[in-house]
Chemist: 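Structure in structure tokens, see below.
Each chain gets a letter, A, B and so on, in the order the sequences are listed, and its residues count up from 1. Keep in mind that the numbers below use all heavy atoms, side chains included, and drop hydrogens, waters and symmetry copies.
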4 protein chains.
Amino acid sequence: MSTTADRSRRLGAKGNRTRQRILDAAETVFVELGYHDASIVKITEAAGVAQGTFYIYFAGKRELFEELVDDLNRRVRQAMTTASESGGSRLAAERAGFAAYFAFVAEHPGLYRIMRQAEFVAPRQLRQHYDRIVSGYTKRLRAAMDSGEIPPGEPELMAWALMGLGEMAGMRWVLWHDNEPVPDDVLAGTASVVARILGVQE
Amino acid sequence: MSTTADRSRRLGAKGNRTRQRILDAAETVFVELGYHDASIVKITEAAGVAQGTFYIYFAGKRELFEELVDDLNRRVRQAMTTASESGGSRLAAERAGFAAYFAFVAEHPGLYRIMRQAEFVAPRQLRQHYDRIVSGYTKRLRAAMDSGEIPPGEPELMAWALMGLGEMAGMRWVLWHDNEPVPDDVLAGTASVVARILGVQE
Amino acid sequence: MSTTADRSRRLGAKGNRTRQRILDAAETVFVELGYHDASIVKITEAAGVAQGTFYIYFAGKRELFEELVDDLNRRVRQAMTTASESGGSRLAAERAGFAAYFAFVAEHPGLYRIMRQAEFVAPRQLRQHYDRIVSGYTKRLRAAMDSGEIPPGEPELMAWALMGLGEMAGMRWVLWHDNEPVPDDVLAGTASVVARILGVQE
Amino acid sequence: MSTTADRSRRLGAKGNRTRQRILDAAETVFVELGYHDASIVKITEAAGVAQGTFYIYFAGKRELFEELVDDLNRRVRQAMTTASESGGSRLAAERAGFAAYFAFVAEHPGLYRIMRQAEFVAPRQLRQHYDRIVSGYTKRLRAAMDSGEIPPGEPELMAWALMGLGEMAGMRWVLWHDNEPVPDDVLAGTASVVARILGVQE
DNA sequence: AATGAATGAGAGTTCATTCAT
DNA sequence: TATGAATGAACTCTCATTCAT
């Protein structure tokens, strides 16, 4: 009963490659079929390795899933931070962050599907996912209030409102539309609502 | 391969009672364990009937789940409509609706858990759930714009923003807090963000 | 645990009608689905009665099936006897019997299907079915030999050969051809083989 | 949902041995109990493997059965061909074939029982079974007619008559007699009827 | 004479995981 | 490092049958 971390120590180059192959295959299969219908057989088949090989690199199905959730969280936050750090006003930055978020969702539509599964399968990781994104939002909003760039308000609730808007709009216009990018007018509408939540004029 | 509807026709009083017992037990078990870990055995045990009895009333596990999702949707919309029809300004009404929504979530915290499961298990019902709530919002927002009660805006995006705020705040303050009612200051904060989304002063 | 016979005593007119309705429905369902896929639910549904009603008239599924096999045997033998008693030479009579047999099979194609099922479900009845038909054949063949109408031979084996020819031709040209009547040239060919088995010139 | 063929590719020596063990056990159990009463539990118990092991090698119960039917067909045809190719007249060859057929049935009495089940379970395979044997007969009969060895006739119907005789005699004297070999006088009688069907003097 | 409700054993099948090689 | 083979518990669902009304 060793952990996934144990098993990943001291991997040679070949081992690392195999590990990554499994990880990639798993993302594909989880996204397509959901956590429960994604069997180890299917994942290892997709990765082109034997079933036994899986357990050399991962402690189990759940642990693999948890790692995947954490990965996604890291990637989405990086995309958003990069975009919103490009300078400009708080509003411009937040809008850029939103656009990056939508772009990320459009490119990795599985994000939602995977996150929704996490409710029961990896609740700790799910909570962390939201917590991290929201606390990033909150920190930036609070700073903008302090600097007078946006009017005072409830930064945490505003942050959750932004999070919720992203989730819903992503679901509505990306997931429900065969993963096409969000149309421009919706993007504009979203920007307008973001402005209202921030309490600034467009 | 008869449908659930087929099986529910011509039920006597006793049959209807049994059906309801199963339905209630199923809600409890689904909420606690999630769709996949909720087995028919556990559900029928909780209902106090034999396994075979289940299939007298339902076509299968999935169908039962779908019915449950539809049920929840009906109940939550009724709670919201009742609350927001109590008169007053659009903002007051919408706030009342939100309060009702939170109250409902606090009383039936399983709502979220069940809905999140639906992404893979009953996607049609899930979509309908959001669609119906959002189209209610949208209609009311549009009417309020027409009457000049709230400034013009993108009613549909505003509706999704409200939906997202409800989802996130419900998750954050109800689900993550052992289903306690939402604290007053959060309720106030929410109301403030709702006002901003509607574009009105508090 | 009373027998089917017990249950059929002292039936009123209404009861007899219900019994017959079930019997007819059962034949249809057995023929279509085979013994095992024909459930009591389907049979009673087809008969338009409740499940419980079935057990007023029959001791069980197997017993019902056995009765059906016996029924079929009675009917097919009656059809053959009637046809072959119409006078003429032994060959003419036997040919008439064959024609009657084919006609019966074409009209009741389920005969085969049901009989094949009987191998495991009602072996005694199946054996009786063949025994009775063959012993009829044998008796008539022996009489024809004694009277010098056909040359001497092994009556019992000839009888089984006739039986086998009927079975195979029925399967090949009736069952495998959507229950169309046997085409004339096949009928002629059969008659020719029958003549050979009997040892007479055509 | 992979096929049996899929699962049998790339089997090592050990795997092939296990597969054969299951196949053998299945034949025994099917023959004894019939298709429906032969459960996977009983088959795997008889084979001495776990239930899950079954599905490593076979796509399902039906597929296993179909393979068994095809196997039997192959074996019986090989036995017949070998025997009837030993030279001599057409009649002598056909008699040898019959003897081989009876011997095979006596040695593998399950043949019948399994074939009869196939009517509903694997109709395609059943039809192929008969078709192949009969078309072998037909071809040989036609050749014998062309060479003048046997008088002209309807080769296909004669073939079905031979098939039917084999089936019935096999059932009557092998199956109904605890699988004893066919007694000599019956064998002689059969040979006599075969001669008649072929249209030759004994 | 008839019914609707209930039963529970047993069916076929899947799957995460282990292990000898 | 990788594999193929094996496991067995758990799953959803079916069905002949019984029984109170």
Chemist: Could you check whether D/Asp71 pairs with D/Arg74 (Lys NZ or Arg NE/NH1/NH2 to Asp/Glu carboxylate O, under 4.0 Å)?
Modeler: yes
Chemist: Return the value, rounded to whole Å, for the distance between atom CG of C/Leu33 and atom P of F/dT14.
Modeler: 14 Å
Chemist: How many whole angstroms separate atom NE2 of B/His36 from atom C1' of E/dT14?
Modeler: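 From B/His36 NE2 to E/dT14 C1': 13 Å.
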Chemist: Pick base, sugar-phosphate or nothing for D/Phe58, based on heavy-atom distances below 4.0 Å to the nucleic acid.
Modeler: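 Result for D/Phe58 = nothing.
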Chemist: Just checking D/Gly15: base, sugar-phosphate only, or nothing, at a heavy-atom cut-off of under 4.0 Å?
Modeler: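 Answer is sugar-phosphate: D/Gly15 comes under 4.0 Å of backbone atoms only.
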Chemist: Return the set of residues passing side-chain contact (heavy atoms from CB on, under 4.5 Å) with A/Gln128 (not counting sequence neighbours), or none when no residue passes.
Modeler: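 Applying side-chain contact (heavy atoms from CB on, under 4.5 Å) to A/Gln128 gives A/Asp70, A/Arg132.
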Chemist: Are B/Glu27 and B/Arg75 ion-paired here, with the side-chain N under 4.0 Å from a carboxylate O?
Modeler: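 The answer is yes: the pair qualifies as a salt bridge.
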Chemist: Where along residues 37-51 of chain C does a heavy atom come under 4.0 Å from DNA chain E, residue by residue in number order?
Modeler: C/Val49, C/Ala50
Chemist: Which residue lies toward the 5' end of DNA chain F, D/Lys14 or B/Gly52, if each is placed at its nearest nucleotide?
Modeler: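 Final value for this comparison: D/Lys14.
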Chemist: May I have the distance from A/Phe54 (atom CZ) to F/dA2 (atom C1'), rounded to whole angstrom?
Modeler: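 Taking atom C1' of F/dA2 as the reference, CZ of A/Phe54 is at 15 Å.
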Chemist: Where each residue is assigned the nucleotide of DNA chain E containing its nearest heavy atom, which of D/Arg62 and B/Tyr57 is assigned the position nearer the 5′ end?
Modeler: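 Counting from the 5' end, the first nearest nucleotide belongs to B/Tyr57.
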Chemist: Could you tell me how far apart B/Lys61 (NZ) and F/dA10 (P) are, to the nearest whole angstrom?
Modeler: 15 Å
Chemist: Provide, to the nearest angstrom, the distance between the CG atom belonging to C/Leu64 and the P atom belonging to F/dT17.
Modeler: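 Interatomic distance, CG of C/Leu64 to P of F/dT17: 11 Å.
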Chemist: Quick test of your reading of the model: are B/Glu119 and B/Arg127 salt-bridged, counting only N-O distances below 4.0 Å?
Modeler: no
Chemist: Kindly indicate whether a cation-pi arrangement holds for D/Lys61 with D/Tyr35, taking the cut-offs as under 6.0 Å to the six-membered ring centre and within 45° of the axis.
Modeler: yes
Chemist: Please give the stem ranges for DNA chain F, sorted by first residue number, where a stem is three or more consecutive Watson-Crick or G-U pairs and both donor-acceptor distances are under 3.5 Å.
Modeler: E:2-21 with F:2-21
Chemist: Nearest whole Å is fine: how far is F/dA16 P from B/Tyr55 OH?
Modeler: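 Interatomic distance, OH of B/Tyr55 to P of F/dA16: 17 Å.
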